[in-house]
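See below for the structure under consideration.
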Amino acid sequence: MTEVGTARKRKEDGRLITGRTQWTDNLQLPGMLHVAFLRSPMAHARISRVDVSGALGRPGVIAAFSGQDFAAEQGSLPCAWPVTEDIVIPDHPPMAFEEVRYVGEAVACVIATDRYKAADALEAIEIDYEPLEPVLDMEEALTDASPKVHAAGNKSFTWKFAQGDIDAAFADAPVVIDRTYIQQRLIPTAMEPRAVVAQTDGDMFTLHSATQIPHVLRVMLAVVTGIPEHKLRVIAPDVGGGFGSKLQVTAEEVLALLIARRLGKPVKWTESRSEGNLTVHHGRDQIQHIQLAATQDGVIKGLKVDLLADMGAYLMLVTPGIPLLGAFMYNGIYKMDALDFTCTGVFTTKMPTDAYRGAGRPEATYAIERAMDELAVEIGIDPLEARRRNWIRHEEFPYTTIAGLTYDSGNYEAATDKALALFGYDKLRVEQADRRERNDAVQLGIGISTYTEMCGLAPSRVLGSLRYGAGGWEHAQVRLLPTGKAEVITGTSPHGQGHETAWSQIAADALGVPFEDVTVIHGDTMTAPKGMDTYGSRSLVVGGVAVRKASERLVDKARQLAAHMMECSPDDLDFANGAFTVKGTETAKTIQEVAFAGFASHNLPDGAEYDLDASATIDPENFSYPHGTHLCAVEVDTETGFVKIRSYVAVDDVGHVINPLIVEGQVHGGIAQGIAQALYEEAVYDAEGNLLTTTMADYLLPSAADLPDFVTDRTETPATSNPLGVKGVGEAGTIASTPAVVNAIVDALRPRGVRDVQMPCTPERVWRALQ
Amino acid sequence: MTRISVTVDGVLYEEEVEPRLLLVHFLRDRLGKTGTPIGCDTTNCGACTVHLDGRSVKSCSVLAVQADGSQVLTIEGLASNGSLHPMQQAFHEEHALQCGYCTPGMILAAIDLVKDDPDPTDEAIRDGLEGNLCRCTGYCNIVRAVRRGAQEMAVTHD
Ligand code: FES
Ligand code: FES
């Protein structure tokens, strides 16, 4: 084992730093046409008339279509997670033809010879709407008086989950914390806008898409469009970030295929950023009512959570499942006797919500970590002490939580101790007291977040029991080529995570070949035919483990051949550093020699075939539970409301680490996105249901100037649920950091009577909270 | 249509363009210089940054016709004689990219920053790159890379 654990520089970088990339929008095909979509300017309306004929005579225009033109063949965009038996899943036509239910919904399109001409001709399309009332507020939406988003009403489902005796936990509880938190709506904003290229030769269809899920997409598109699965190839080339936003089956993907079929020409669509802000699924948007019962000593007895989750106008791929992914995480790292969770999914006339980095777990972690601070204040102890009194101690693992999950491993004490030392906790508390004493205009706040999360999605049986439509396995194939080089074919679909590098490290160690001698193939259903793709911090803990297992199987095959070559029993061979050695002798064959011998096949055992590739499909036995302690110090200017992050320390435990460089990068990026929710980002709709934050000038992603340097470190408690001992890392930072920041702000201002600031904590909001 | 002549990455192009054609679309769609990506439509993200006559510009904020007679350097022309520019190398060494979509613009903006400030502080780097957004890295490693790139550039130029 020499590669695993090494900070290898990434293989992916070469093409990315030289511009030799393959973004979907780069594709130019002979005769390729460009699609532009006309989008609804109304949040809610009946479409009374569409006339696309005006667009047809425009320069370069080849065709124009309305929703009616696709009505017979476009099907309904899929929702793969019907969380309850009686869930309402409305029809979701890729192109609206009767009613529009959010601003940005596609209502017509133009296909032209270049992107400018297609966009120009949109203005010649005539469309009449009969306005209907928008539905914008979840609580109002559930009243009888509310206008309806769908005929079936504005409630999609209510999902309940209860463990333990919640009434007993709350009966006579001396301390009850009762709070309501708002998870604002976010726009994921991967830097690469979505793009699609569809082509067909009349038989086979090929779709290039900036997607995280080429495999799932292929299955879903086959179901929606009726194009047989074996006639459809989906390719995710270089993909510029996803964060859940490209875990979707989109209207544009379906329509591009239908248009290509109709016109017999390749077609491309690339969204503009403002189109993307309107129509890439949004994230979060929940109202969380959390109640926590505890003893006078701050020992938690029970937790009640009542959620309203904004579905937006339709249910997309996993929309209703997102709050459920949080349901089992409200108890966080804490022990308690009872948990009661209810979530109601509500329709509004806004863009549908769906997975965004963390998907359900950031929301849950935010609520419990905020509530833990409140508990500490209520009984007058340090917030760290409140956590210590309740968390699962390291000697108690494996531990089955009140939510029924078995956390396989962890050491919250170790991570916290390390974080405290790096942070200088006690010193900062002294400074805080001093500033309070002096009534300094700039107050110091310290925020704590001791999080865990469930990731590595997921055991298929568990997904089945939650009514999710698919499994959670992952597949890998490893091939030994005649010259001893190796190819790893993975079903994961990276878009920034560095799988080409990390999978090479895993395979190189298992096969005993150099890191450079491994190529990783992914993201094309023709060359990497089996997979469940990349989301939910699953790629390493499921897909990486599959690479390891397939490599081991390949070594077993090579061992048989090597034994034959050296005329010994396979059991007499040691395998180390890429060579099979007859025990107690110098006689050896390298794996490269075995590879070539197999290729030549001059001397195979009788009846044997040349067979030096191997596959593995891993269905994880459990989720993965990374954890850690994040500490944030903020300076809050009480005169302006401006919040400055002074220092940020993160100690994460993601089990064994394959590549520390990549892990650190994931943590950095995750923290930044969580801070962005705490301080900067919010999708805002006006009273008519227009999205106001359609550009990067309105929807504020943090720049380098807005963020501090992060101090990161790790503890390493190996996962026991997989042979690599690894845990997921992609979402941990985002899950941890939002409550750390907001807790810090509230901590700074608590002496002035502030106990909540609604996110994003802009200077204005902070200032108002102080008034 | 207007006739323009532009040198891009050392190659002279003479093309007829619509007056409204953006430089970035000219590069990508006409010249096939797809190394320069587009991340927004409001000149906020910096993904499309190139050098125009030696200074970094957002190529979505410049019309192709405005580049007439100019020298454009894109990420594709940055490595010379097969060896990476020190800033490219530094981004690789410091793991300053994940998806890589912001990277061409980040590297070209960073080089311009270092031209003005050969030994920038972290704060100067953060402020100087304010117009280039990255959604993946949280910027920590980008700051490290620019610092390292600046040091290497100083050495190479001595
Ligand atoms: S594409 Fe030019 S600044 Fe965003
Ligand atoms: S590396 Fe993905 S946006 Fe910067």
Side-chain angles (χ1 to χ4, degrees), chain A residues 7 9-10 12-23 25-26 28 114-116 188-193 238-243 270 272-275 494-498 661-662 664-673 675 695-697 701-707 709-710 712 733, chain B residues 18 20-21 25 28-29 32-47 74-79 84-85 87-89 91-104 107 122-123 125-144:
Chain A
K9 310 281 187 291
R10 296 196 322 166
E12 291 82 347
D13 291 357
R15 64 181 186 274
L16 298 171
I17 56 177
T18 54
R20 286 173 295 186
T21 33
Q22 295 181 46
W23 313 116
D25 184 65
N26 294 4
Q28 301 275 16
D114 76 40
R115 57 177 110 215
Y116 285 60
T189 325
M191 286 307 297
E192 181 204 18
D238 283 329
V239 175
F243 316 109
T270 302
S272 67
R273 179 60 61 186
S274 30
E275 220 178 357
H495 39 283
Q497 296 88 341
L661 208 59
I662 292 176
E664 193 191 29
Q666 286 291 320
V667 171
H668 285 165
I671 293 171
Q673 262 171 335
I675 292 175
T695 72
M696 283 178 164
L701 304 190
S703 76
D706 297 315
L707 294 172
D709 202 27
F710 310 132
T712 61
Chain B
E18 273 191 75
R20 64 172 173 167
L21 184 69
H25 283 142
R28 291 181 57 79
D29 296 349
K33 290 258 165 199
T34 52
T36 304
I38 301 171
C40 72
D41 42 18
T42 48
T43 72
N44 289 101
C45 78
T74 79
I75 193 73
E76 295 175 55
L78 195 55
L84 295 174
H85 185 281
M87 195 59 80
Q88 286 172 307
Q89 187 67 37
F91 268 63
H92 175 56
E93 299 291 334
E94 296 290 350
H95 184 37
L97 60 147
Q98 291 179 29
C99 79
Y101 202 77
C102 69
T103 309
I107 288 175
D122 284 5
E123 206 187 338
I125 294 169
R126 286 183 180 273
D127 288 345
L129 292 180
E130 199 174 18
N132 289 74
L133 298 174
C134 173
R135 193 56 154 168
C136 300
T137 63
Y139 303 104
C140 296
N141 290 351
I142 290 176
V143 173
R144 290 175 199 170

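Letters go in sequence order (proteins before strands), and every chain restarts at 1. Hydrogens, waters and symmetry mates are skipped; everything else that's a heavy atom, side chains included, is used.
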Exercise. If you count heavy-atom pairs under 4.5 Å between each of B/T42, B/I125, B/D122, B/T74 and chain A, which one has the most?
Worked result: B/T42
For this session: Among the options B/C40, B/G35, B/G100, B/G39, pick out the one with the most heavy-atom pairs lying under 4.5 Å from chain A.
Result: B/G39
Side chain, backbone, both or neither: which part of [X] has a non-hydrogen atom closer than 4.5 Å to chain B?
X      : answer
A/D238 : neither
A/V667 : neither
A/R10  : both
A/P188 : backbone
A/Q28  : side chain
A/L661 : both

Let me confirm one number: the [atom1]-[atom2] distance from [X] to [Y], rounded to the nearest 0.5 Å.
X      : Y      : atom1 : atom2 : value
A/D114 : B/H25  : CG    : NE2   : 9.5 Å
B/H95  : A/D13  : NE2   : CG    : 7.5 Å
B/C136 : A/M191 : SG    : CE    : 9.0 Å
A/E664 : B/N141 : CD    : CG    : 5.5 Å
A/H668 : B/I142 : NE2   : CD1   : 11.5 Å

Specify the closest pair of heavy atoms between [X] and [Y], including all atoms of both residues, with the distance to one decimal.
X      : Y      : result
B/C99  : A/V239 : CB-O, 3.9 Å
B/R135 : A/P702 : NH1-CD, 4.3 Å
A/S272 : B/D41  : CB-OD2, 3.1 Å
B/R126 : A/A704 : NH1-O, 2.9 Å
B/H92  : A/I17  : CB-CD1, 4.0 Å
B/P37  : A/W23  : CB-NE1, 4.3 Å

If you tally heavy-atom pairs under 4.5 Å against chain B, which of [options] wins?
options                        : answer
A/I671, A/D25, A/I675          : A/D25
A/S274, A/G242, A/G14, A/A7    : A/S274
A/G498, A/G241, A/P494, A/A697 : A/A697
A/G670, A/G665, A/A672         : A/G665
A/D709, A/T695, A/T712         : A/D709
A/G240, A/G733, A/G19          : A/G19

Of the backbone (N, CA, C, O) and the side chain (C-beta and beyond), which part of [X] lies under 4.5 Å from a heavy atom of chain A, both, or neither?
X      : value
B/T137 : backbone
B/L78  : neither
B/R20  : both
B/E93  : both

I'd like to check [X] versus [Y] (side-chain heavy atoms, cut-off strictly below 4.5 Å). Are they in contact?
X      : Y      : result
A/D706 : B/Y139 : no
A/R273 : B/I38  : no
A/T18  : B/L84  : yes
A/R115 : B/D29  : yes

Exercise. Sub-3.5 Å donor-acceptor pair from the side chain of B/Y101 to the main-chain atoms of A/A190, do we have one?
Worked result: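 Such a contact is absent between B/Y101 side chain and A/A190 backbone.
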